[in-house]
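Below is one structure; the comments refer to it alone.
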Amino acid sequence: MPTSKLRFDDRVVIVTGAGNGLGKSHALDFAKRGARVVVNDLGGTTAGGGRDTSVAQSVVDEIKAAGGDAVANGDSVEDGARIVEAAMDTFGRIDAVINNAGILRDSTFHKMSDEDWKLIQKVHLGGSYAVTRAAWPHMRAAGYGRVIMTASGAGIYGNFGQANYSAAKLGLHGMAQTLAIEGHSKGIQVNTIAPIAASRLTETVMPPAMLEGLKPELVTPLAILLSHEDSEETGQLFEIGGGWVSRLRWEQTQGARFDPKTGFSAENLSDSWDQVQSFEGAIHPKDISNTLKVVGEIIGVDLALAKQ
Ligand code: NAI
């Protein structure tokens with residue numbers, strides 16, 4: 001096996017949805033770097049139907065043929081505890097969870113069925129919750145962990161026909177930001193990536209020339225870097241694809257201020273709308289403390305202290 005700087009010897013990494021596309025690329029690279037990999041994949045269709053355990057097994061076979069170590073798991077991420085159990089039973093520890101499994105049930109909102117809505121929440125949000133929740137106590141006990149959520153530009157920006165998927169995908173980043181706060185004292189770091197890549201999920205919606213340039217392997221370096229023990233990033237959101245890697249952050253305007261005692265009307269707000277909207281002097285809050293500080297100043301209470 002080639003030696004590389006970012007090694008994962010003695011580390012155990014769960015990659016969900018690792019039978020195809022991005023997850024497969026992540027799993028192969030982790031294994032090349034010495035990680036023992038739990039290759040999870042339900043082996044279903046892109047819409048979430050069916051099941052085929054040979055999908056995960058074929059990636060494990062590829063890893064083993066290249067001299068790596070991996071175990072296949074065919075459970076749905078909805079049964080996250082079973083995936084974590086497989087990791088503990090086989091390898092005895094969990095260092096990183098790459099939440100990647102996913103499906104699509106695209107439909108315009110007015111045609112979306114309850115089932116299309118619920119299934120997407122169950123697999124993306126519920127699945128990432130279930131796997132991470134089951135891994136969390138092991139990571140806390142070890143004082144170490146790395147978790148990645150796989151979001152999407154559809155969640156960050158919205159995308160026609162993907163209300164269900166957008167909600168789940170940005171929900172994942174909301175969860176990641178809170179887990180980054182809760183995991184901090186236990187050495188657990190949680191980040192979100194929003195990839196763009198050629199895969200089963202995108203082959204029908206992207207032209208061939210675009211698919212050619214968007215290899216899943218061009219997303220994997222970020223999953224590797226953020227999962228490494230030397231990484232200090234947590235609570236961050238990145239976009240990546242086709243050889244481009246970028247970080248996103250929140251931007252908050254200075255905003256308009258009103259006297260809370262006298263209150264203010266919609267007309268007052270309309271008069272101050274430019275202040276609400278102007279990004280001149282905007283700040284980039286890293287957490288909720290600026291919001292609490294500003295609101296506290298206006299109402300005359302130290303909300304940061306009041307919260308404790
Ligand atoms: P893919 O279809 O090639 O791979 C997803 C894998 O997840 C499949 O092998 C599938 O069998 C597995 N899977 C589905 N439901 C599962 C479940 N309940 N339990 C376990 N495994 C399950 O798709 P791709 O593109 O590699 O997607 C990976 C992730 O990246 C997904 O979360 C997707 O939403 C996300 N993503 C992909 C983008 C792209 O451009 N390809 C864009 C934005 C996000």
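Within the 3.5 Å criterion, the main-chain N or O of Gly80 finds no donor-acceptor partner in the side chain of Asp75. Judged by distance alone, with hydrogens and angles left aside, the side-chain atoms of Asp41 form a donor-acceptor pair with the main-chain N or O of Gly19 at under 3.5 Å. Put simply, the side chain of Arg36 gets close to the backbone of Asp10: a donor and an acceptor are under 3.5 Å apart. Formation of a donor-acceptor pair under 3.5 Å by the Asn191 side chain with backbone atoms of Gln236 is found in this model. Counting only distance, with no hydrogens or angles, the side chain of Gln254 and the backbone of Gly281 share a donor-acceptor pair below 3.5 Å. Checked by atom type and distance alone, the side chain of Ser128 never pairs as donor or acceptor with a backbone atom of Leu125 at under 3.5 Å. Ser270 places no side-chain N or O within donor-acceptor distance of the main-chain N or O of Ala266, the cut-off being under 3.5 Å. Within the 3.5 Å criterion, the main-chain N or O of Arg7 finds a donor-acceptor partner in the side chain of His228. Thr90 contributes a side-chain N or O that, together with a main-chain N or O of Ala86, makes up a donor-acceptor pair within less than 3.5 Å. Listed for the Thr202 side chain is a donor-acceptor partner under 3.5 Å among the backbone atoms of Ala197.
Annotation for Ser231 and Gln189: closest pair O-OE1, 2.9 Å, computed over non-hydrogen atoms. For the residue pair Arg146 and Met139, the shortest heavy atom distance occurs at O-CE, 3.6 Å. The shortest heavy-atom contact between Ala194 and Ile156 is CB-CD1, 3.7 Å.
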- [ ] Any chance you could lay out the salt bridge (charged side-chain N to carboxylate O under 4.0 Å, His left out) test for Asp259 and Lys261, step after step, and finish with the verdict?
- [x] CA-CA 5 Å; Asp259 184 344; Lys261 293 201 180 70; 5.2 Å; no
TODO: Could you give me the CA-CA distance, side-chain angles and deciding distance for Val71 and Asn73, then say whether side-chain contact (heavy atoms from CB on, under 4.5 Å) is met?
DONE: CA-CA 7 Å; Val71 67; Asn73 170 277; over 6 Å; no
- [ ] Determine, step by step, whether Val15 and Val13 satisfy the side-chain contact (heavy atoms from CB on, under 4.5 Å) criterion, reporting the C-alpha distance in whole Å, the side-chain angles of both residues, the deciding distance to 0.1 Å, and the verdict.
- [x] CA-CA 6 Å; Val15 184; Val13 181; 4.0 Å; yes
- [ ] Verify side-chain contact (heavy atoms from CB on, under 4.5 Å) between Phe30 and Thr220, making sure each step is shown before the conclusion.
- [x] CA-CA 9 Å; Phe30 274 114; Thr220 294; over 6 Å; no
Open item on the list: Please determine whether side-chain contact (heavy atoms from CB on, under 4.5 Å) holds for the pair Ile94 and Ile14, giving the CA-CA distance in whole Å, both sets of side-chain angles, and the decisive distance to 0.1 Å.
Closed with: CA-CA 7 Å; Ile94 298 164; Ile14 294 176; 4.2 Å; yes
TODO: Please report the C-alpha distance between Lys24 and Glu62 in whole Å, then the side-chain angles of each, then the deciding distance to 0.1 Å, and finally whether the salt bridge (charged side-chain N to carboxylate O under 4.0 Å, His left out) criterion is met.
DONE: CA-CA 10 Å; Lys24 178 177 177 181; Glu62 199 173 327; 3.7 Å; yes
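Note on Leu28: it does not cluster hydrophobically with Leu218, by side-chain heavy-atom contacts below 4.5 Å among ILVMFWY residues. In this structure, Val131 is a member of the same hydrophobic cluster as Met88, with clusters built from ILVMFWY side-chain heavy atoms closer than 4.5 Å. Hydrophobic clustering (ILVMFWY, side-chain heavy atoms < 4.5 Å, transitive): Phe238 and Ile224 are in one cluster. Taken together through direct or relayed side-chain contacts under 4.5 Å among Ile, Leu, Val, Met, Phe, Trp and Tyr, Val59 and Leu22 form part of one hydrophobic cluster. Under the 4.5 Å side-chain heavy-atom criterion for Ile, Leu, Val, Met, Phe, Trp and Tyr, Val77 and Val84 are members of the same hydrophobic cluster.
The 12-atom threshold is exceeded at CZ of Arg200, counting heavy atoms of other residues, nucleotides or ligands nearer than 6.0 Å. For Asp9, the CG atom sits in a packed shell: over 12 heavy atoms of surrounding residues, nucleotides or ligands are nearer than 6.0 Å. For Phe279, the CZ atom counts as densely surrounded, since its 6.0 Å shell holds more than 12 non-hydrogen atoms of other residues, nucleotides or ligands. Atom CZ of Arg93 is surrounded by more than 12 heavy atoms from other residues, nucleotides or ligands within 6.0 Å. Shown here is Glu212, whose CD atom has no more than 12 heavy atoms of other residues, nucleotides or ligands within 6.0 Å.
With sequence neighbours excluded, no residue forms a ring-ring contact (aromatic ring centres under 6.0 Å, His included) with Phe109. Leu225 pairs by the side chain to side chain contact (heavy atoms under 4.5 Å, CB included) definition with Leu6, not counting sequence neighbours. In this structure, Thr16 has no side-chain hydrogen bond (donor to acceptor under 3.5 Å, both in side chains) partners at least two apart in sequence or on a different chain. Applying the side chain to side chain contact (heavy atoms under 4.5 Å, CB included) criterion to Ser185, with sequence neighbours excluded, gives no partner residue.
For the pair Phe91 and Asp69, the minimum side-chain heavy-atom distance is below 4.5 Å. At a threshold of 4.5 Å between non-hydrogen side-chain atoms, the residues Asp79 and Arg82 count as touching. A 4.5 Å side-chain heavy-atom check between Leu214 and Met206 finds at least one atom pair inside the cut-off.
Taken to the nearest 0.5 Å, the CG atom of Leu104 stands 12.0 Å off from the OG atom of Ser107. For the atom pair CD1 (Ile181) and CD1 (Ile188), the distance works out to 13.5 Å, reported to the nearest 0.5 Å. Atom CH2 of Trp244 is separated from atom CD of Glu239 by 4.5 Å, given to the nearest 0.5 angstrom.
A cation-pi contact, defined as under 6.0 Å to the ring centre and within 45° of the axis, links Arg11 to Tyr144.
Residues Ser278 and Thr253 bring no donor and acceptor atom of their side chains to less than 3.5 Å of each other. Side-chain contact check for Gln252 and Asn290: at least one donor-acceptor pair (N or O, by modelled atom type) lies under 3.5 Å. In the model, Asn268 has a side-chain atom that pairs as donor or acceptor with a side-chain atom of Ser265 under 3.5 Å. At a cut-off of 3.5 Å, with distance as the only test, a side-chain donor of Asp116 or Ser113 sits close to an acceptor on the other residue.
Ring pair Phe264/Phe258 is parallel by interplanar angle, where below 30° counts as parallel and above 60° as perpendicular.
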Solution key, residues 166-180 side-chain donor-acceptor pairs under 3.5 Å, sequence neighbours excluded:
unit_1: Ser166; atom_1: OG; unit_2: Ala154; atom_2: O; d: 3.0
unit_1: Ser166; atom_1: OG; unit_2: Gln162; atom_2: O; d: 2.6
unit_1: Lys169; atom_1: NZ; unit_2: His124; atom_2: ND1; d: 3.0
unit_1: Lys169; atom_1: NZ; unit_2: Thr150; atom_2: O; d: 2.6
unit_1: His173; atom_1: ND1; unit_2: Thr192; atom_2: OG1; d: 2.7

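Residues Ile298 make up the rest of the hydrophobic cluster containing Val294, defined by ILVMFWY side-chain heavy atoms closer than 4.5 Å, directly or through other members.
Using a 4.0 Å cut-off between a side-chain N of Lys or Arg and a carboxylate O of Asp or Glu, Glu297 and Arg257 qualify as a salt bridge.
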